[in-house]
Amino acid sequence: MSTLNQEIEKHIKKLVNPLKEPEELLEVLKVKLTKKELKLLKSWADEIPAEELRTQLNLDEERYGELSTKLIKKLNQEKIKQAMCI
């Protein structure tokens, strides 16, 4: 099972510093992401299949794609990257 940290590292294009410890990281994410975005990220880390995830989050394929794209873009914003790193 992948951790939240590993999942985030997969989606960030250029990570200069290491990520914070999981508990601290979660606190930052709760502030910076919407509830659905956070749930999506956690579900990716738990390797929940996309179909099951769409059902859980009550999203059609298009909205799921939009949410995924938005989440990855957010994770790559400098401000958020700085907040997530040590």
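Lys20 places a side-chain N or O within donor-acceptor distance of the main-chain N or O of Ala83, the cut-off being under 3.5 Å. The main-chain N or O of Ile48 is never found under 3.5 Å from a side-chain atom of Asp46 such that the two would form a donor-acceptor pair. A donor-acceptor contact shorter than 3.5 Å is absent between the side chain of Lys81 and the backbone of Val16.
Asn58 CG: 12 or fewer foreign heavy atoms inside a 6.0 Å radius. By the 6.0 Å contact criterion, CD on Glu52 is enclosed, its count of non-hydrogen atoms from other residues, nucleotides or ligands being greater than 12.
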Derivation of the side-chain contact (heavy atoms from CB on, under 4.5 Å) call for Lys10 and Trp44: CA-CA 11 Å; Lys10 270 198 274 185; Trp44 286 346; over 6 Å; no
Full working for side-chain contact (heavy atoms from CB on, under 4.5 Å) between Glu37 and Lys70: CA-CA 8 Å; Glu37 289 166 343; Lys70 193 173 157 199; 3.5 Å; yes
Criterion side-chain contact (heavy atoms from CB on, under 4.5 Å) on Lys39 and Lys36, from CA distance to verdict: CA-CA 5 Å; Lys39 199 167 189 177; Lys36 270 194 177 171; 5.6 Å; no
side-chain contact (heavy atoms from CB on, under 4.5 Å) evaluation trace for Cys85 with Leu15: CA-CA 9 Å; Cys85 290; Leu15 197 58; 3.6 Å; yes
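Annotation: the span from Ile8 atom CD1 to Ile72 atom CD1 amounts to 12.0 Å, rounded to 0.5 Å. Between the CD atom of Glu9 and the CE atom of Met84 there is a distance of 9.5 Å, given to the nearest 0.5 Å. One distance of note links CD1 of Ile12 with CD of Glu7; it measures 11.0 Å at 0.5 Å rounding. Note that the CD atom of Glu61 and the CD atom of Glu51 stand 8.0 Å from one another [nearest 0.5 Å]. Taking NZ of Lys74 as the start and OG1 of Thr34 as the end, the distance is 5.5 Å to the nearest 0.5 Å. Going from atom CG of Leu53 over to atom CG of Leu40 covers 5.5 Å, rounded to the nearest 0.5 Å.
Between Leu29 and Lys42, every side-chain heavy-atom pair lies at or beyond the 4.5 Å cut-off. Between Pro22 and Leu4, every side-chain heavy-atom pair lies at or beyond the 4.5 Å cut-off.
Considering only residues two or more places apart in sequence or on other chains, Lys35 meets the side-chain contact (heavy atoms from CB on, under 4.5 Å) condition with none of them. The side-chain contact (heavy atoms from CB on, under 4.5 Å) search around Glu21 returns Glu23, Glu24, not counting sequence neighbours. Checked against side-chain contact (heavy atoms from CB on, under 4.5 Å), Lys73 has the following partners two or more places apart in sequence or in another chain: Thr69.
A salt bridge is defined here as a Lys NZ or Arg NE, NH1 or NH2 lying under 4.0 Å from an Asp or Glu carboxylate O, and Lys30 with Glu27 meets this definition.
Taking each heavy atom of Leu25 and Asn5 in turn, the nearest pair found is CD2-OD1, 3.4 Å. The two residues Leu59 and Leu67 make their nearest non-hydrogen contact at CD1-CD2, 3.7 Å.
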